[in-house]
Structures are given as structure tokens and as C-alpha cells.
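These notes are about the structure you will find just below.
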Amino acid sequence: MNFKIAVPPPFSFLSTVYSHGWVDLPPFQLNSEEQYFDYTFSPDENSIISFRISGGDNSSLLVQTEGKLTAAAGKKTEHAVICMFRLNEDYSSFYRLARAEKKWKWIISYSAGRMLRCASLWEDMVKMLCTTNCTWNLTKIMTGNLVAELGKEKGSKHSFPAPEIIAGCDEQYLRQRIKMGYRAPYLLEFADRVASGKIDLNQLENREGTSDELYKALRAIKGFGDYSVSSLLKLLGFYDRMGYDSWNRIQFAKKHNSGTAVEDKEIAAYYKRYDSWAGLFFWMDVTEHWYKNNFKW
DNA sequence: GCGTCCAGGTCTACC
DNA sequence: GGTAGACCTGGACGC
């Protein structure tokens, strides 16, 4: 079954797919040659949906599934795609700022700025936890193990495991087999609180509130510090925080200070004029070379 | 092949 | 409020 989803301009499939590392982590399966990715998700405990998505002419997304979807499953797939590609977000003031300065001309020409999400905040948050205090390779190992060992299975494909599944795991298993290491108790506690309803991710995601309020709510969850919460806020449509990590600090230093380390407050001062978009301009600035190198990471 | 050291965020205890 | 140390793993390095 094939169907199209209209996208609001400016939009670029590739710029969104390569906006950060998510597409490199299962259950995303990228085919860079043919410019599509496969993705599998479980919208509820009884179902599992796999689809292939490509960008066509950047005026719509083409979604392909094996076999026909029920109307309800089609709706859930469409909702997931809208969330993943941030199709409901208004980027007009971001592009207005980008158009005003010559150095951001490339953002306009690549229609860059949208950051790819997973189908659920749960999956985004667990993956973000897996990026903390380790190399990207270890992040891939952790998420790969979670999906392969605990995900719901459909043929050769697996979805990201539900909170209930992880909440039922033994801590030693998560530490040693999944390679979560010392993060295991954080993941276990988070999964348990989500599965038991003590943390309502839907409410968290759809709450009316400020960036600061959401920041405080997410920081209250053990294991999620400044870097991970600031990065998560970017996936939730709040771009005022920088989300420093060792990699983006180095990229900034290389680009703006001949490689000499720069204090966080100086980085913040550099992007201050972009106000609520400061964090996104920071991320765009340190990843500019990805776009110009045709997304060769 | 083995042992050692280091990088990578977050939490906790302490000042 | 700021700082130091512990947490765990993979990879780099020296032997």
C-alpha cells in the first residue's frame, strides 16, 4: 500500500533525515543509495507496523507498506510520520532569521532545520539516554541490542521495545547483555515510571507550557541531565537551550576559535541574538559541513 | 594478546 | 553554587 503525505515548504527529506544521528539507530534502516529508510513501530501493545519512506520531490513524502493497512493503522502511521518529520511545526520565524544573514544562506538552500524524531517520545528519550557519556558506536550497540532482543518482532523487523517490556527486565541483564552499563538503573526506573503511569509522556509532550517548565519536568527524571534534556527539547520544538556536549564544543572551537576551547557562556553569547532559536542555530552551525559534504558523516 | 589509560554525561557527596 | 569522584564501556596505545 502506498500513500503520500503533503509537507509544508520549505522542506527537504534528506536534510531532515541527516539532521542528526537518529537515522543511524535501529529500528531506522537507512538506504543511502536509494534515499529511503525503513522503520518499524508499535503504536500499541497489539500491533506492529513497518513502512518505507522516501522524499520524492520534497513536496510530499511517499510512504510504502507491505500489504494493506486498516484505516486505523493508516491513521497511526500518518500520525507517526507527521511527528517524525515535524510537519506540524512552524519554522517561519527561524527561516526569517536565517534569511537575514548571508552566512545562513545554506540553511535556506538546503531547507535545513527540521530534526528527525522517532515515532514516540519514549523512544526518543531512551535513545537520548543511550547517547550519554559514551561513544556513538556504543550508542549504536545499546539501541541495537534493545531493539533486537526486546523489540516486538514482525518477520525480520523489530520495533523499539515498549516501556512495559523494559520495566520487566532484570538490571543485570540490561547492564551486561544490553550493554547499558551504569545507565541500566536509570533506564529501569524510567521504564517503570512510564509503564506504571507515574510519568505520562503524552501529557509531557502535549502540555501547554514554557521551555523552562518542560526542562524542569524532564530534568526531574534520573539520568537525564542538561545535555540530554536540552537535546530532547529540540525534538519537542523548543530551541532556546544549547545542549552542549564534547563534540559540539569541539566543532564550535574549530570553526570559530582556531580549535582552541571556548567557554560555554561564550558560545551562548555568540548565538544569543537568535533568542528562542539559539540552540537550533548552534546545531546548524556545527553541522554545516554535513550538508556541504553531501551528508557523509 | 594483555594491561593501562582516556573520553564521554550524570549523579551524589562534600565544601 | 561549585567541584571532585564514581559510574561503565570501547578504543587507542604501549609493551
Side-chain angles (χ1 to χ4, degrees), chain A residues 19-22 24-26 115 117-118 121-150 161 163 166-167 169-194 198-199 201 204 211-236 238-255 257 259-269 271 278-280 282-283 286-287 290 297:
Chain A
S19 54
H20 61 135
W22 260 204
D24 212 16
L25 303 176
M115 296 182 73
R117 277 194 63 182
C118 300
L121 179 56
W122 158 254
E123 187 177 326
D124 281 324
M125 289 186 71
V126 175
K127 283 179 173 169
M128 199 61 80
L129 184 62
C130 293
T131 68
T132 57
N133 201 21
C134 65
T135 58
W136 184 246
N137 197 39
L138 183 55
T139 300
K140 291 209 283 192
I141 290 170
M142 287 187 263
T143 53
N145 287 339
L146 283 171
V147 170
E149 299 235 349
L150 299 169
I166 293 181
C169 288
D170 177 66
E171 186 184 314
Q172 283 310 309
Y173 169 80
L174 292 174
R175 275 181 185 271
Q176 287 159 14
R177 178 78 186 177
I178 304 297
K179 297 283 179 194
M180 291 296 296
Y182 73 93
R183 301 163 199 81
Y186 299 150
L187 175 60
L188 210 47
E189 184 180 329
F190 177 46
D192 184 56
R193 291 177 69 193
V194 174
K198 286 179 189 152
I199 295 176
L201 292 180
L204 211 53
S211 168
D212 281 354
E213 286 167 351
L214 194 52
Y215 179 84
K216 278 183 195 151
L218 292 170
R219 280 300 307 268
I221 303 169
K222 229 183 236 180
F224 292 87
D226 178 70
Y227 148 78
S228 52
V229 170
S230 299
S231 302
L232 278 168
L233 285 179
K234 290 193 182 84
L235 301 184
L236 290 168
F238 293 96
Y239 303 97
D240 53 329
R241 290 176 188 275
M242 310 304 281
Y244 306 105
D245 66 11
S246 54
W247 183 83
N248 59 33
R249 285 186 182 106
I250 288 169
Q251 298 306 314
F252 183 90
K254 275 187 192 167
K255 195 165 181 181
N257 203 33
T260 305
V262 179
E263 284 193 41
D264 289 350
K265 61 183 178 189
E266 289 179 44
I267 300 178
Y271 300 99
L280 186 56
F282 175 38
W283 183 249
V286 297
T287 58
W290 293 356
W297 287 336

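Reminder, nothing fancy here: chain letters follow the sequence lines and each chain counts from 1.
A donor-acceptor pair shorter than 3.5 Å cannot be found between the side chains of Tyr239(A) and Ser211(A).
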_Evaluation steps, side chain to side chain contact (heavy atoms under 4.5 Å, CB included), between Met128(A) and Leu235(A)_ = CA-CA 11 Å; Met128(A) 199 61 80; Leu235(A) 301 184; 4.0 Å; yes
*Would you check, one step at a time, whether the test side-chain hydrogen bond (donor to acceptor under 3.5 Å, both in side chains) holds for Tyr244(A) with Ser230(A)?*
CA-CA 8 Å; Tyr244(A) 306 105; Ser230(A) 299; over 6 Å; no
*Go through the steps for Arg249(A) and Asp264(A) under the test salt bridge (charged side-chain N to carboxylate O under 4.0 Å, His left out), then give the verdict.*
CA-CA 8 Å; Arg249(A) 285 186 182 106; Asp264(A) 289 350; 2.8 Å; yes
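Near DNA chain C, defined here as any heavy-atom distance below 4.0 Å, there are no residues from residues 220-233 of chain A. Remark: Arg175(A), Lys179(A), Gly181(A) in residues 173-181 of chain A come within less than 4.0 Å of DNA chain C through at least one heavy atom.
Protein atom CD of Glu189(A) is 19 Å distant from nucleotide atom P of dC7(C), rounded to whole Å. Residue Ile141(A) contributes atom CD1, which lies 17 Å from atom P of dG8(B) at whole-angstrom precision. In this entry the distance linking CE of Met128(A) with P of dT10(B) reads 10 Å, nearest Å. Straight-line distance from the CG atom of Leu187(A) to the P atom of dT10(B): 15 Å, rounded to whole Å. Tyr244(A) has its OH atom 17 Å from the P atom of dG8(B), to the nearest Å. Between the P atom of dT3(C) and the CG atom of Asp264(A) lies a distance of 13 Å, rounded to the nearest Å. If you measure from atom CG of Asn137(A) to atom P of dT9(C), you get 14 Å, rounded to the nearest angstrom. Atom CG in Leu138(A) sits roughly 13 Å away from atom C1' in dG9(B) (whole-Å rounding).
The side chain of Tyr182(A) sits closest to dC7(C) out of dG11(C), dC7(C), dT9(C). Considering only side-chain atoms of Ile250(A), the nucleotide from dT10(B), dG11(C), dG8(B) that sits closest is dG8(B).
Here the two rings, on Phe224(A) and Phe190(A), have centers that are under 6.0 Å apart.
A side chain to side chain donor-acceptor pair (under 3.5 Å) check over residues 213-224 of chain A, counting only residues at least two apart or in different chains, returns the pairs Tyr215(A)-Arg219(A), Tyr215(A)-Asp226(A).
Using the six-membered ring where Trp is involved, Trp22(A) and Trp136(A) have ring planes that are parallel, under 30° apart on the 30 and 60° scheme. The aromatic rings of Tyr271(A) and Phe282(A) lie tilted to each other, with the angle between the two planes from 30° to 60°.
With contacts defined as side-chain heavy-atom distances shorter than 4.5 Å, the pair Thr287(A)/Trp290(A) qualifies.
Contacts of Arg219(A) with the nucleic acid, taken as non-hydrogen atoms under 4.0 Å apart, involve only primed sugar atoms and P, OP1 or OP2. At a threshold of 4.0 angstrom between heavy atoms, the contacts of Ser246(A) are confined to the sugar-phosphate backbone, with no base atom among them.
Arg193(A) pairs in a side chain to side chain contact (heavy atoms under 4.5 Å, CB included) with only one of the listed residues (Leu201(A), Leu188(A), Ile199(A)), which is Ile199(A).
Taking Arg117(A) as the reference, Asp124(A), Glu205(A) meet the salt bridge (Lys or Arg N to Asp or Glu O under 4.0 Å) condition, with sequence neighbours excluded. For Cys169(A), the side-chain contact (heavy atoms from CB on, under 4.5 Å) test picks out Leu150(A), Tyr173(A), Leu174(A), with sequence neighbours left out.
Summary of the strand contacts: Arg183(A) and Tyr186(A) both lie near DNA chain B, and taking for each the nucleotide with the nearest heavy atom, the more 5' one is attributed to Arg183(A).
Residue Asn133(A) has no polar side-chain atom (N or O) positioned under 4.0 Å from OP1 or OP2 of dT9(C).
Across its full length, the helix from dG1(B)-dC15(C) to dC15(B)-dG1(C) shows an angle of 40° between the axes of its 5 terminal pairs at either end, rounded to 10 degrees.
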